[in-house]
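Shown next, in structure tokens, is the structure this report addresses.
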Amino acid sequence: LFSFKALYEIELLKAMVGGSADIALSQVSATLGKQLQPLELASIQGRLSGKRQTSGFEVSTHGLQFVTGDGLRWPGGNLRLQHRTAARASPARSELTADRLDLAALSRIAKRLPLGEAAHNALRTYAPQGQVETLQATWQGPFDAQGRYQIKARIHGLALGDTPATAASASTATIGLRGAALEVEMTQAGGKATLRLREGALLLPRIFEDPVLALGKLDTQVHWQIDGTENPRISVQVGETHFANADAQGQLRATWRTSDPKKSSSGARFPGVLELNGTLSRADGTRVHRYLPLVIPAEARHYVRDGVLAGSASTVAFRVKGDLHDLPFNDPKQGEFRIAAQVQNATYAFVPPSVQPAGELPWPALTGLSGELVFERASMQVIGASGQFTGARTVRISQAQTQIADLEHPVVEVSAQASGPLTEFLDIVKKSPIDGLIHHALAQASGSGPAELQLNLRLPIDELHKSTVRGGVT
């Protein structure tokens, strides 16, 4: 219901160049364009002010509150918009200042406003949420055309792209985030932002198998530049970034730019060229698979998931450099992809049960391992490791090496030297598929005393029946 005071003051505004009105309305419904859903408000109240001038207009709100038809509540915010029409050599100019703007409520209302298809597509894609604490924006040109602009804003509780499509890693999903505090300054030529995230997440569909990367904290500063208007060249610099979650803690720096379509093997500007360098001071080895990108085949990622059963790392370095279209850069001329970790107390099932035929004897895992775990391009290696075989506590492994030259077609090569009681070596052979590979030659063997083992295995994961073993016991 419109209060009498509001009705009187609005009628008065029609005859004047300016004024204000306190409004109190309920059950508002308006359709503002063809093919748009009705804008429905259960209630709206606050103060509206306006001023009409020969060179433009000014409108503002104070303490404006409303409840949408589906129950979303706007807690109250202030907004002031000034517009100056073009005059002679001066283009049209607008200025907007605002505070306490609820992005979810604005987004829901904006879907019912005649803003154009591009704006509506962006709202569907990014589904913005959060509260704008302060906003200052100026731009030149008409409302519906992109011109020169300058924006400065502070936002908390920011979420972008947090949609069901992102959770499902759908082809239409976009990179986003949730639980962020953002301070941003930007123009049509670039900008800078300070991002602080606590108990939030980065949303990375089509990059990782699990698109939601939970983060306990992330602190970073980002700068970017935009050169040109049609197919612009975009470059981004990510400064010293500190991050932590349940899996790891570390820091990184990165730069990114659009590709040159004439030089890129993608023939396009995206996914672009990345240079990323970082280190981890803490990492859970059992979660390595979660951070292998989707360009590495699923079978390889799942092999790592099922093969690395325990372990931690206190020193990890990672580097990515090159056109992301070519990741993981099998040709060294294309770029670099490398993760190197010094691991402790690791358990590595080099032939995990998930890849074995049903009913086959299990392969002994390497346990209590210390050594270097390296992912480089499409390969995986364990270098200079020492530890034990599962079930053989007194057998000591030294100088163990395992290698998979191509994770897309995994063939595990293991070489190790070990020392321990002969009886335990014989048990390892008899209780594993090694017994079949040597045609049960040691099935009836027995012995005692200390022994040295030299073992070399070649195990095609997709064709384990073609495995070979070489070695000797002294």
* **D219 and its side-chain hydrogen bond (donor to acceptor under 3.5 Å, both in side chains) partner, picked from Q251, H242, R198** =>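 Going through the options one by one, the only one that passes is R198.
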
* Testing Q225, H223, R253 for side-chain hydrogen bond (donor to acceptor under 3.5 Å, both in side chains) with Q237, which one passes? ->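 The side-chain hydrogen bond (donor to acceptor under 3.5 Å, both in side chains) with Q237 is passed solely by Q225 among Q225, H223, R253.
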
Side chain of [X], backbone of [Y]: donor and acceptor closer than 3.5 Å?
X	Y	value
T125	N121	yes
T258	I234	yes
T390	A365	yes

* So E275 and R257, salt bridge (Lys or Arg N to Asp or Glu O under 4.0 Å) or not? Walk me through it. -> CA-CA 9 Å; E275 182 171 357; R257 60 175 173 82; over 6 Å; no

[atom1] of [X] to [atom2] of [Y]: how many Å apart, nearest 0.5 Å?
X	Y	atom1	atom2	value
I428	L455	CD1	CG	9.0 Å
L215	Q249	CG	CD	11.5 Å
N78	R100	CG	CZ	5.5 Å
D462	E299	CG	CD	7.5 Å
K111	L39	NZ	CG	13.0 Å
L459	E413	CG	CD	9.0 Å

* By side-chain contact (heavy atoms from CB on, under 4.5 Å) - contacts of P261 (at least two apart) ->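 P261: side-chain contact (heavy atoms from CB on, under 4.5 Å) contacts with R269.
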
* Report the C-alpha separation of L324 and V295 in whole Å, then their side-chain angles, then the decisive distance to 0.1 Å, and conclude whether the side-chain contact (heavy atoms from CB on, under 4.5 Å) test is met. => CA-CA 10 Å; L324 293 173; V295 294; over 6 Å; no

Looking only at heavy atoms, what is the nearest atom pair of [X] and [Y], with distance?
X	Y	answer
Y149	Q188	N-OE1, 2.9 Å
V316	A341	CG2-CB, 3.7 Å
S448	L422	N-CD2, 3.8 Å
A110	L123	CB-CD1, 3.6 Å
L373	M380	CD1-CE, 3.8 Å
R108	D70	NH1-OD2, 2.9 Å

With sequence neighbours left out, which residue pairs that include part of [range] fulfil the side-chain hydrogen bond (donor to acceptor under 3.5 Å, both in side chains) condition?
range	value
residues 392-404	Q381-Q403, T394-E424
residues 353-365	D306-S354, Q356-E360
residues 465-474	E463-K466

Would you tabulate the side-chain donor-acceptor contacts of residues 175-186 under 3.5 Å, counting partners in other chains and residues two or more places apart, or write 'none'?
from: R178; atom 1: NE; to: D162; atom 2: OD2; distance (Å): 3.0
from: R178; atom 1: NH2; to: D162; atom 2: OD1; distance (Å): 3.1

Of all pairs that satisfy salt bridge (Lys or Arg N to Asp or Glu O under 4.0 Å), the ones with a partner from [range], not counting sequence neighbours:
range	answer
residues 125-137	E133-R154
residues 426-452	none
residues 328-341	R319-E336, R338-E376
residues 220-234	D227-R233

* Atom CZ of F318 with >12 non-hydrogen neighbours under 6.0 angstrom ->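 Enclosed: over 12 neighbouring heavy atoms sit under 6.0 Å from CZ of F318.
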
Within the structure provided, determine whether [X] and [Y] are in side-chain contact (heavy-atom separation under 4.5 Å).
X	Y	answer
L158	L103	yes
I461	F350	no
V351	V412	no
F389	L366	yes
W224	V222	yes

* **For Y291, ring-ring contact (aromatic ring centres under 6.0 Å, His included) partners two or more places apart** =>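 So Y291 forms no ring-ring contact (aromatic ring centres under 6.0 Å, His included) with any residue.
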
* Asked: Just checking, is any N or O donor in the side chain of Q150 or Q136 under 3.5 Å from an acceptor N or O on the other one?
  ->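 No, Q136 and Q150 have no side-chain donor paired with an acceptor closer than 3.5 Å.
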
* On the 0 to 90° scale, with breaks at 30° and 60°, tag the W256-F270 ring pair as parallel, tilted or perpendicular. =>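 Answer is parallel, since the angle falls under 30°.
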
* Would you please name every residue forming a side-chain hydrogen bond (donor to acceptor under 3.5 Å, both in side chains) with S266, sequence neighbours left out? =>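 S266: side-chain hydrogen bond (donor to acceptor under 3.5 Å, both in side chains) contacts with S264.
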
* Return the set of residues passing side-chain hydrogen bond (donor to acceptor under 3.5 Å, both in side chains) with Q444 (not counting sequence neighbours), or none when no residue passes. =>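 Counting only residues at least two positions away or on another chain, Q444 forms no side-chain hydrogen bond (donor to acceptor under 3.5 Å, both in side chains).
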
* What's the verdict on side-chain contact (heavy atoms from CB on, under 4.5 Å) for F337 and I296, showing C-alpha distance, side-chain angles and the deciding distance? -> CA-CA 11 Å; F337 173 74; I296 293 177; 4.2 Å; yes

* How far apart are the C-alpha atoms of T134 and K152, what are their side-chain angles, what is the distance that settles it, and do they pass the side-chain contact (heavy atoms from CB on, under 4.5 Å) test? -> CA-CA 8 Å; T134 60; K152 185 176 182 179; over 6 Å; no

* Derivation and outcome, side-chain contact (heavy atoms from CB on, under 4.5 Å), residues Y348 and V304 -> CA-CA 9 Å; Y348 173 37; V304 176; over 6 Å; no

